[in-house]
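We use all heavy atoms of the structure for the numbers below, so side chains are in, but hydrogens, waters and symmetry mates are not. Per chain, numbering begins at 1; letters A, B, ... match sequence-line order.
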Number of protein chains: 2
Amino acid sequence: MNEIEVFRKYVKESGLRNTPEREVIIEEIFLTHDHFDVDTLYLCLKNKKCSISKASIYRTIPLLIESGLIKEVFFEDGHMHYEHVLGHEHHCHFRCLGCGKIIEFKEDEVMDIEKKCSESYGFEVTGHKLELFGYCRECLKKEGKDRKVSTIDRVDVD
Amino acid sequence: MNEIEVFRKYVKESGLRNTPEREVIIEEIFLTHDHFDVDTLYLCLKNKKCSISKASIYRTIPLLIESGLIKEVFFEDGHMHYEHVLGHEHHCHFRCLGCGKIIEFKEDEVMDIEKKCSESYGFEVTGHKLELFGYCRECLKKEGKDRKVSTIDRVDVD
DNA sequence: ATTATTATTGAGAATCTATTGCAATAATAA
DNA sequence: TTATTATTGCAATAGATTCTCAATAATAAT
Ligand SMILES: [Mn+2]
Ligand SMILES: [Mn+2]
Ligand SMILES: [Zn+2]
Ligand SMILES: [Zn+2]
């Protein structure tokens, strides 16, 4: 089931109505794997001549979250940033405090924490959000700082 | 060094000036361990007759973050929520999607992830934010759901 | 197909959060 | 005590999101 089919199913089951505007929004969001915010999405569609009002975009976002197509990633510069979920493996985010860059990385150990938390507190954990802060390799080089822990030059994990 | 002393030191070293307004804000923030937002802080001080303008509160928040006294915790209901840091052990947050409750818990394993991330990518990791989502014990009981993983009734961890 | 029902749209107004300009005030240094 | 200038409070502003409402169109019923 692709993103459009998922949304159609969700819409039907929720007693809502599907519209071309919503499908255009979904298609644009799933075109790239980048993080996005309402304004860039709005301008992007405007440039492609398939302009959709901001109100409709704002009204569609909660539906896309509810249907599991997108999720909130981080709040920055006064507004929320999102990413699509379907077909995009779960990952964490590293934010460089030097250059502002966001770097994605995969990390399974958080699942252990989830499990431990379930067992210990009786929670049902359905998801998580992990963000690391610090300085990226480029910023460390630029400032001539040394990395704290290691000097190995690997990029692969797991 | 308590929070006021830390702030005085920070202010001096940064070439800023300390003011009674700022100390009132800090004292209020360190009165309880609760999460807070600008508006509740403002109203709280207003009720205590030590009213301080919202502009000053907004202008003080970045200084408190910079000096390491508070940090951002989560963005909810259209605005940021904070907590004080000094004298408050680092912890993660579990958010119940049922009742909205935020539950704090301690978790050391994230440090391993930080370390692994440093070593693998050459980042200098200075901090993290981990949030788990799901349903708390009370909400699970209310809905008659069963917990996924365990039925043990412990609350202590580590 | 036609009609009825009502969710959705777009435009702009309204609301809410956060920032900024400015004159008065007050913290620090000389 | 005086000079310097950061800070304050207030009001204006900017920016993000929600809301109002009339027109439109998706779905269900006929
Ligand atoms: Mn991402
Ligand atoms: Mn907390
Ligand atoms: Zn960087
Ligand atoms: Zn709950």
Q: Under the salt bridge (charged side-chain N to carboxylate O under 4.0 Å, His left out) rule, collect the residues that match up with A:Lys12, sequence neighbours excluded.
A: none
Q: Just report the end-to-end axis angle for the helix from C:dA1-D:dT30 to C:dA30-D:dT1, five pairs per end, to 10 degrees.
A: 40°
Q: What are the bounds, 5' to 3', of the part of DNA chain D that sits under 4.0 Å from heavy atoms of chain A?
A: D:dA16 to D:dT27
Q: Are A:Glu23 and A:Arg8 close enough for a salt bridge, meaning some N to O gap below 4.0 Å?
A: yes
Q: For A:Ala55 and for A:Gly15, find the nucleotide of DNA chain C with the closest heavy atom, then tell me which residue's nucleotide is more 5'.
A: A:Gly15
Q: Where along residues 66-83 of chain B does a heavy atom fall under 4.0 Å from DNA chain D?
A: none
Q: Rounded to the nearest 0.5 Å, how far does CG of B:Leu130 lie from CD of B:Glu109?
A: 10.5 Å
Q: How are the rings of A:Phe30 and A:His84 set to each other: parallel, tilted or perpendicular (split at 30° and 60°)?
A: parallel
Q: Just the table, please: protein N/O against nucleotides 28-30 of chain C N/O, every pair under 3.5 Å.
A:
| residue | atom | partner | partner atom | Å |
| --- | --- | --- | --- | --- |
| C:dT28 | OP1 | B:Asn18 | N | 3.3 |

Q: Suppose the criterion is salt bridge (Lys or Arg N to Asp or Glu O under 4.0 Å): which pairs have a residue in residues 37-53 of chain A, not counting sequence neighbours?
A: A:Glu28-A:Lys48, A:Asp39-A:Lys54
Q: Can a salt bridge be assigned to the pair B:Glu138 and B:Lys101 using a cut-off of 4.0 Å between side-chain N and carboxylate O?
A: yes
Q: Which atom pair, heavy atoms only, marks the closest approach of A:Leu140 to B:Gly122?
A: CD1-O, 3.5 Å
Q: Between B:Lys9 and B:Glu5, does any side-chain N to carboxylate O distance fall below 4.0 Å?
A: no
